[in-house]
Number of protein chains: 2
Amino acid sequence: MSNLDLIAKMAGFSKATVSRVLNQSPHVSQETRNKILSIMKELDYVPNRNAISLSKGQTMQIGISTEGINNLMLPFLNGFVEIASQYGYQTIIYTSGGDAKKELQPFEDLRRKRVDALVIITSVNDPSLLRSYCKYGPIVSWQRMDQPDISSVAMDQYEGYWLALEHLIEKGYNRIANAFGRPNSINTHNRMRAYADMMGKHHLTVSPKWSFSSVYTIRDGEQVVRDLLEHKDDLPDAILCANDYVAAGALCEARRQQLKVPEDLAIVGFDNTELAHTMGITSIHNPIAAQAQNAFYLLLLQLLDTEVELEILQFSLIQRFTT
Amino acid sequence: MSNLDLIAKMAGFSKATVSRVLNQSPHVSQETRNKILSIMKELDYVPNRNAISLSKGQTMQIGISTEGINNLMLPFLNGFVEIASQYGYQTIIYTSGGDAKKELQPFEDLRRKRVDALVIITSVNDPSLLRSYCKYGPIVSWQRMDQPDISSVAMDQYEGYWLALEHLIEKGYNRIANAFGRPNSINTHNRMRAYADMMGKHHLTVSPKWSFSSVYTIRDGEQVVRDLLEHKDDLPDAILCANDYVAAGALCEARRQQLKVPEDLAIVGFDNTELAHTMGITSIHNPIAAQAQNAFYLLLLQLLDTEVELEILQFSLIQRFTT
DNA sequence: TTGAAAGCGGTACCAT
DNA sequence: ATGGTACCGCTTTCAA
């Protein structure tokens, strides 16, 4: 393997000059530059990244910490890798499998200067512990952290849910059921608030029989429809789902039960994933890729101490065939 | 930031000794070790990974090259990250978005010693070009490469398809339709071969009307069922799908069209993804995580020049409610 | 058991 | 425009 020294020796210049050529410094004569360049080519030379990292004190690598990778975070991951690479940063994935100790590794790697910054997708450790690593480098989070130094790019679900409700009511639906996700999460809480507010505003009926929690999967969505059909006298005319998977399950089951969608039952999903698209389910578009971009921009802000323009995050309703 | 020198000075020993403590060398007296350890703790010292990488000439980082991340490669990615981290290796994701030039970056990074090894998930560049990077470090591929130095952990789809066909025939189905994926891929070719062989063996009817290509999505699966129903007089009694998404689409559409599954129409998916599980679709289990492990083992083999035990890869049939 | 010093392969400041 | 050289922080060989 050839190195700077060798190139310098062969070209008859000093390491410093060769380094200048490498870094496109203007203070090198064209002649010298050409000569050095041609020798580099001849020797098939490429600079060693470790040496650069050590010398510069930065690696151009950003870590992503998560319990595991699933469908929901795919757009985030893709979006982040994409924007980061545009700025010359690589992305390292750290999965913890929910193990608190293992989850600390990316944070230790921030400290050991293996990565320049960190983004948290999900975490199980005590937020204040994670926060203590902020002194080693910038950290942002997708999930809400409620820690002063760790900003989050998550969105307030109130708005999204409000949008869906508004759409249903405009369409004339007024007996609206809900399939919520994690019972005690901030997201669910905000969605519930939106529901209560909207129902109050329009003086609409709210039945506890129409409210479900811990609904996540296609299967769960099917079950919700079956549960609703237990009370034929008290059926809702629309159902707002925790995510598109739940909506897909609800849709399949409704059809199986001879319910016409959207005439008998309207269905709205959440996140506007591929699934909603392929199955034609009305859904709330969640700009996840934009959140990933913002996560990167927020890091860049601290990394380069520069101004950045954040993407404006906005839910939007994508109407398809289920409403 | 404290470094080896500082620790050494404070402890009254040399850098070498401190380094020995760091690397658990047995040639350090317990007393010395304790003293140094306590000073490290006191100063909250951690070694700098870049310095280690530079000095050792390896980074303990492995790159994964792909056009983009989607559901299909998720189990592979997860499996790889998991096994790699068990051996102390981190995983860096490189996405090319199908851009040939951008796809070269992980390979250049192998050359520049940013990563110790590389795994290719999908690639668009000329395989022989990629192969030329093998001299810089170990490379394995998930997709078939047909290059001597790049071994692949992909599986022969013939076996899997054979399994599905055998199952259907045992169950008494004998008018079997196929929804294939990419028309000219090796995978599709092998599946077609399995189909031809099996049909020949049992002297079963083969109708060109029962064969579809370029079928990938839920939507595509729905369309296949509609197309089949165009010829009511010549309906198959089973359909073997390119993947679980297609099977899911076929299932939904069949039910919508009042076909009883599996009585009127049996449906078999492929890959045994989450979707097949949640929707109760019979599917061929594709041991993707095991392939990811093998990919890592194959790299380790070259990295450490050691013996490794590969996982045995085997398709298996998971029967559910659609057959 | 411990130390001295030569790498590893660059960057960047200070001279000239 | 170019050179000299002190870093960056750790590993490893050779001696003692």
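Given the structure is predicted, the values throughout are model-derived calculations rather than measurements. Order of the sequence lines fixes the chain letters, A, B, ..., with proteins taken first and strands second; residue numbering starts at 1 for each chain.
- Side-chain to base pairing of A:R112 with D:dG9: no donor and acceptor N or O lie closer than 3.5 Å to each other.
- Projected onto DNA chain C by closest heavy-atom contact, B:K56 and B:S29 fall at different nucleotides, the more 5' of which corresponds to B:S29.
- Atom CG in A:L43 sits about 15 Å away from atom C1' in C:dG9, given to the nearest Å.
- Among the protein residues, A:V46 comes within range of the sugar-phosphate backbone only, with heavy atoms under 4.0 Å from sugar or phosphate atoms but none that close to a base.
- Not a single donor-acceptor contact under 3.5 angstrom links the side-chain atoms of B:S55 to the base of D:dG9.
- With hydrogens and angles ignored, a donor-acceptor pair under 3.5 angstrom links the side chain of A:R20 to the base of D:dG3.
- Across all strands shown, A:N23 has heavy atoms under 4.0 Å from sugar-phosphate atoms exclusively, and none from any base.
- Here A:T32 lies in heavy-atom contact (under 4.0 Å) with sugar-phosphate atoms only.
- If you check D:dA1, D:dG3, C:dA5 against the side chain of A:H27, the one that comes closest is D:dA1.
- For A:S19, counting side-chain heavy atoms from C-beta on, the closest listed nucleotide (C:dG10, D:dC10, C:dT11) is C:dT11.
- Between A:I7 atom CD1 and C:dG10 atom P there is a gap of 9 Å when expressed in whole angstrom units.
- A salt bridge does not link B:D149 to B:K135: none of the charged side-chain nitrogens sits closer than 4.0 Å to a carboxylate oxygen.
- With respect to the salt-bridge test (charged N to carboxylate O, under 4.0 angstrom), the residues A:D126 and A:R131 do not qualify.
- Closest approach to the A:I52 side chain among D:dC10, C:dG10, D:dG3 is made by C:dG10 (side chain taken as heavy atoms from C-beta onward).
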>> Apply ring pair (Phe, Tyr, Trp, His ring centres under 6.0 Å) to residues B:Y136 and B:F107 and explain how you reach the verdict.
In response: CA-CA 9 Å; B:Y136 303 116; B:F107 296 85; over 10 Å; no
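- One interatomic measurement links the two molecules: CG of B:N50 to P of C:dG9, which rounds to 15 Å at whole-angstrom precision.
- For the atom pair A:E311 CD and A:L313 CG, the distance stands at 8.0 Å (nearest 0.5 Å).
- For A:A16, the side-chain atoms get nearest to D:dG4 when compared with the rest of D:dG4, C:dT2, D:dT12.
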